[in-house]
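Small disclaimer: the values here were computed from a predicted structure and weren't measured.
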Amino acid sequence: MRSGTVTGLWFALLSAASFGVSGPFAKSLLEIGWSPGAAVGVRIGGAALVLAVPVIIGLRGRWGTLRRNGLTLIIYGATAIALCQFFYFSAVQRMSVGVSLLLEYLAPVLIVGWLWVRSRRAPSRLTVSGSAAAMLGLLLVLDLTGDQRLDPVGVLFGLGAAVCLAVFFVMSAKADDDLPPLIMAGGGMMVGALTILVLGLVGVMPFAFTFQEVTLAGRQAHWLVPVLVLVIIATVLAYFTGILAARGLGSKVASFVGLTEVMFAVLASWLILGELPSAIQLFGGALIVGGVILVRIDELRRTPDATDPLDQPNVVEPVPTTGAS
């Protein structure tokens, strides 16, 4: 396996793990009275502030790159960042978290279908088998055995989140090589923060804050602790490494590796909230990993000429050390 592929897989796992901790820490804020809009707004707005200075430094002498990719950043920030979270939290308000997450993670299947339509070539049996195994594993990890209430509008919100998540993987993989991942992540965060601010001001995503201690791992902690984790780890680190992973692996493989976020979320919930995963959830996690391996084996078996150019991983441009400091 090529070193670039191995690096891409590590970035994808790191991104999935970073995204996975967002649920438990966000839940600690929601339990003390924060609204979903407030949690999302602080998460994206805080990440935009953190990345503002590095992005400006990284753009020195490269403002033309920003102008050429302005539309890409607008679509990426508004769709893959702001609307994705808006649709997901809107689904959560109407249905259980499990059902909402399951709907959002139909994104890899949407990507397979999209590449099928664009290339006019049906996916191979390995890809189909890997897709089925990963989806079944996701269903088992979510453990949807209890009474679940399906709301038609909530289902539409969940499907909207899936489309936006698919956009994240595809745009991350296909961004121009002269647009560094740091600038793409930071620029997208700024656009996403403005989008969320507009949604909040018009009342679509209301903001409600309370400032009191939260409960983490059975202990009381300052409310800034989950906020900092959401901003630094679950957003800045998660999106940055997610872009690197998609550029190194291609959108399809990166999206399937992203399914491991559910396993990391289950583990984080166990450690932080005391929600112990069941045997069936562990078995589901094994199916997700198996599905990812099948999809990756299929990618390695295909020759360059047979691979859809829309899903070819880009060469990752090294991030300037000054921009990452």
Sequence neighbours excluded and cut-off under 3.5 Å, please list the side-chain donor-acceptor pairs for residues 224-238, or say none.
unit_1 : atom_1 : unit_2 : atom_2 : d
Thr235 : OG1    : Arg43  : NE     : 2.7
Thr235 : OG1    : Leu230 : O      : 2.6

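Of the possible donor and acceptor atoms, one in the side chain of Ser35 sits under 3.5 Å from a partner among the backbone N and O of Pro206.
For the pair Ile81 and Met189, the minimum side-chain heavy-atom distance is below 4.5 Å. Trp34 places none of its side-chain heavy atoms less than 4.5 Å from the side chain of Phe207.
If you chain together hydrophobic residues whose side chains sit under 4.5 Å apart, Leu194 and Val202 never meet in one group. Hydrophobic clustering (side-chain heavy atoms under 4.5 Å, transitive across Ile, Leu, Val, Met, Phe, Trp, Tyr) keeps Trp223 apart from Leu49. The hydrophobic cluster containing Leu156 does not contain Val204, counting ILVMFWY residues as joined when their side-chain heavy atoms lie under 4.5 angstrom apart, directly or transitively. Connection of Val42 to Ile32 is established within a shared hydrophobic cluster, with ILVMFWY side chains joined at heavy-atom distances below 4.5 Å, either directly or through further cluster members. Residues Leu244 and Val50 share a hydrophobic cluster, clusters being chains of Ile/Leu/Val/Met/Phe/Trp/Tyr side chains in contact below 4.5 Å.
Closest approach of Ala193 and Gly45 over heavy atoms only: CB-CA, 4.0 Å. Between Leu30 and Pro36, the shortest heavy-atom contact is CD2-N, 3.8 Å. Smallest separation of non-hydrogen atoms from Val55 and Gly186: CG2-CA, 3.6 Å. Summarising the geometry of Leu29 relative to Val214, their closest heavy-atom pair is CD2-CG1, 4.2 Å, with the distance given to 0.1 Å. In this structure, Ile44 and Gly192 approach most closely via the heavy-atom pair CG2-C, 3.8 Å. Nearest heavy atom pair, residue Glu104 against residue Leu165, reads O-CD2, 3.7 Å.
Each of Tyr239, Phe240, Phe25, Phe264 was compared with Phe19 under the ring-ring contact (aromatic ring centres under 6.0 Å, His included) criterion, and only Tyr239 meets it.
How far OG of Ser18 is from CG of Leu13: 10.5 Å, rounded to the nearest 0.5 Å. Taken to the nearest 0.5 Å, the CE atom of Met190 stands 10.0 Å off from the CG atom of Leu73.
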Determine, step by step, whether Phe87 and Val163 satisfy the side chain to side chain contact (heavy atoms under 4.5 Å, CB included) criterion, reporting the C-alpha distance in whole Å, the side-chain angles of both residues, the deciding distance to 0.1 Å, and the verdict.
CA-CA 10 Å; Phe87 286 143; Val163 172; over 6 Å; no
Using the rule given for side chain to side chain contact (heavy atoms under 4.5 Å, CB included), can you reason through Thr127 versus Ser124, listing the C-alpha separation, both sets of side-chain angles and the distance that settles it, and then say yes or no?
CA-CA 5 Å; Thr127 291; Ser124 70; 3.7 Å; yes
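Note on residues 201-217: pairs passing side-chain hydrogen bond (donor to acceptor under 3.5 Å, both in side chains), not counting sequence neighbours, are Thr215-Gln220.
With sequence neighbours left out, the side-chain contact (heavy atoms from CB on, under 4.5 Å) criterion links Ile75 to Leu71, Thr79, Met171.
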